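Every value quoted in this text rests on a predicted model; they were computed, and no experiment measured them. Below, read A as the first sequence line, B as the second, and so on, with proteins coming before strands; counting in each chain starts at 1.
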Amino acid sequence: MDPIVRFAPSPTGFLHIGGVHTALFNWLYARHEGGEFRLRIENTDTGREVAEATEQIQESLRWLGLDWDGEVTFQLDRMEHCRAEAQRLVEEGTAYEDEGAIRMRMPNEGSTAWDDLIRGRIEYPNDKLEDVVLVRADGRPTYNFASPVEDWLDGITHVLRGDDHISNTPKQIQILEALGAPLPQYGHLNQILGEDGKKLSKRHGATSAEEFRAQGYIPEALVNFLALLGWSYDGETTVMSREELVERFTLDRVGSSPAVFDFKKLEWLNGLYLRELPPDDYADRLLTYLREQGFEWDEEIVRRSVPLVQEKIATLGEYPGFAGFLFGDVEPDPELLDARVLEEAERTLTETEPFTTEGIEEALRSLSEQLELKPREAFQPIRVAVTGSKVSPGLFESIELLGREPTLERIRRGRAAAA
RNA sequence: GCCCCCAUCGACUAGCGGUCCAGGUCACGGCCCUUUCAAGGCCGUAGCGCGGGUUCGAAUCCCGCUGGGGGCACCA
């Protein structure tokens, strides 16, 4: 039987990276096994629901390429069904009314156990199980009731979720058994922690898929990175495409210990994926990114700048700071300028023919020789005057792309500022 | 407090009793390349939490401890 799994976020805000991790593992499992991956919004807590969240979660999943099967379902839509099931339990005597709410009687002896897909056998003493509320006094089912009922309704065969749900599992198993429903198999994924070993939160940096997107990370990198948090193929292979991940993903290689989110490694992976992109693709993504971030820069120049930046930046977010000089004035630090060098550079570049990367390089190299300066000594003031920074794309390419007049203009201004 | 889960380099991990004086990747350090910054190449530092067992033999199995995390809601 093909597995049916689900990702069931609650719409309380942006999709948290931990949620992405859970969604990814479910998705990889479903795709690898040829099963189904469903998306269900757990919105029984109407009080905490954020209006935009439902759409944002879907948008994030689409961006990441985690496509789901069938229609998105909403927990609240199944409210009536849940109520009816709860009523049935009351009639059968396994549940009872308590101040308007319906609670289920939990056993006090023995233990509830299951063979966790990734942790092996877990036993939970029943005397620690409280009589869980199935339906609130206002008629809305609780998460711990609606969730298993829906898993049953949807024919979910495998529940893969964060290990913070371990203590909910015995309750849900008891509920399903009382209902006479089949049990899915449960697997509890490892938690993702911040650098300090605490649960990943705001103060560690970006925590939502949206934030990573805004910082210029691309889905391939994020997916590859997250897959490696709690799963490995052979311990040696690090870089894997989405297809390779799907092909290689198996539950028996999923680990159970918590993993610290390593932003540096993500950045490295992102840079790697960015560098491997075909230039046209890179340009398209960069353009889309810049537009999303509110930069309305000339498309042609952005495209032509791709070869200058692709090897150099690890996130798209670095582009404005790195190549922004191509689109607007710069404010160089006068301390880093050098009037004599700039005067000679202006003279040289006025006459340079052809005004191409090669021509410019040749001209400036002979300039540095004339001035008896090391290349770096001669080029740095020019770089600063032209790009406004000590760090920039290749100088000659940058000058060619900027154009002769704008370059000369900046050098003139640099001379004035230096003097 | 009670219950549950987890435990290999700073980080992610490989290792499922001998082939491990523990391998890969990021980070870090050094060197090379070099117009800056990256990228790239080469080299290197660094780890089985502790204590008991089991066994001819343990990072690998068992127990305890310690440490970390999670849960104990009419939140999800």
Side-chain angles (χ1 to χ4, degrees), chain A residues 8-12 19 42-49 75 98-103 111 116 119-120 122-125 127-130 132-147 161-171 188 190-193 195-199 225-239 252-253 255-269 271-272 275 309-314 318 322 336 361 364-365 368 373-380 382-384 387 389-398:
Chain A
S10 61
T12 51
E42 308 218 306
N43 58 345
T44 43
D45 185 13
T46 45
R48 289 204 309 161
E49 184 163 354
Q75 201 157 63
D98 175 34
E99 297 194 40
I102 297 176
R103 282 183 190 273
S111 61
D116 197 273
R119 280 159 211 261
I122 296 181
E123 289 200 40
Y124 201 93
D127 63 332
K128 300 301 168 196
L129 258 27
E130 310 221 321
V132 348
V133 172
L134 269 23
V135 179
R136 300 174 172 93
D138 67 5
R140 286 151 47 228
T142 59
Y143 160 78
N144 267 321
F145 185 52
S147 192
R161 55 183 15 170
D163 68 9
D164 47 336
H165 281 285
I166 287 182
S167 57
N168 287 326
T169 301
K171 299 175 194 168
H188 291 88
N190 60 343
Q191 205 79 52
I192 295 179
L193 277 19
E195 255 117 8
D196 54 3
K198 306 284 186 214
K199 205 166 178 176
F225 174 74
L226 252 15
L228 261 15
L229 251 35
W231 175 82
S232 72
Y233 174 52
D234 56 7
E236 309 276 301
T237 315
T238 307
V239 182
D252 62 312
R253 305 255 345 146
S256 51
S257 43
V260 173
F261 195 98
D262 185 350
F263 289 86
K264 285 266 184 59
K265 188 166 184 176
L266 203 215
E267 189 171 321
W268 165 75
L269 255 181
L272 193 125
R275 270 174 257 126
V309 303
Q310 191 167 7
E311 285 290 314
K312 310 230 173 203
I313 61 180
E318 292 170 54
F322 194 67
L336 303 172
E361 173 162 11
L364 292 183
R365 282 197 189 279
S368 80
L373 291 172
K374 289 178 185 168
R376 58 180 305 158
E377 295 169 331
F379 299 162
Q380 197 68 328
I382 303 173
R383 181 191 311 283
V384 170
T387 72
S389 169
K390 286 193 294 186
V391 177
S392 79
L395 182 58
F396 319 123
E397 293 88 339
S398 295

Are side-chain N/O atoms of [X] and [Y] paired as donor and acceptor at under 3.5 Å?
{"X": "R383(A)", "Y": "S392(A)", "value": "yes"}
{"X": "T169(A)", "Y": "R161(A)", "value": "yes"}
{"X": "E123(A)", "Y": "S111(A)", "value": "yes"}

When you measure only distances, ignoring hydrogens and angles, does the side chain of [X] come within 3.5 Å of the base of [N] through a donor and an acceptor?
{"X": "R376(A)", "N": "U36(B)", "result": "no"}
{"X": "K390(A)", "N": "U36(B)", "result": "no"}
{"X": "K265(A)", "N": "U13(B)", "result": "no"}

For N190(A) and U13(B), is the shortest distance between a side-chain N/O and OP1 or OP2 below 4.0 Å?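 For N190(A), the contact criterion (side-chain N or O under 4.0 Å from OP1 or OP2 of U13(B)) is met.
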Report yes if a side-chain nitrogen or oxygen of R253(A) is closer than 4.0 Å to either non-bridging phosphate oxygen (OP1 or OP2) of G15(B); otherwise report no. yes
Using a heavy-atom cut-off of 4.0 Å across all strands, would you classify F225(A) as base, sugar-phosphate, or nothing?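 Here F225(A) touches no strand at all.
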For [N], the Watson-Crick or wobble partner whose two distances fall under 3.5 Å:
{"N": "A38(B)", "value": "none"}
{"N": "A11(B)", "value": "U25(B)"}
{"N": "U60(B)", "value": "none"}
{"N": "G67(B)", "value": "C6(B)"}

Which nucleotide, U35(B), C12(B), U36(B), lies nearest any side-chain atom of S392(A)?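 Minimum distance to the S392(A) side chain belongs to U36(B).
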Return a single string for nucleotides 69-76 of chain B, one symbol per nucleotide in 5' to 3' order, where B is base contact, S is sugar-phosphate-only contact and - is none, cutoff 4.0 angstrom on heavy atoms. SSSS-BBB
Answer yes if the ring centres of F379(A) and F396(A) are under 6.0 angstrom apart, and no otherwise. yes
Quick one: are the ring centres of Y143(A) and F145(A) less than 6.0 Å apart? no
On RNA chain B, nearest-nucleotide positions of Q380(A) versus W231(A): which is more 5'? W231(A)
So which atom in L364(A) and which in L395(A) form the shortest heavy-atom distance, rounded to 0.1 Å? CD1-CD2, 4.4 Å
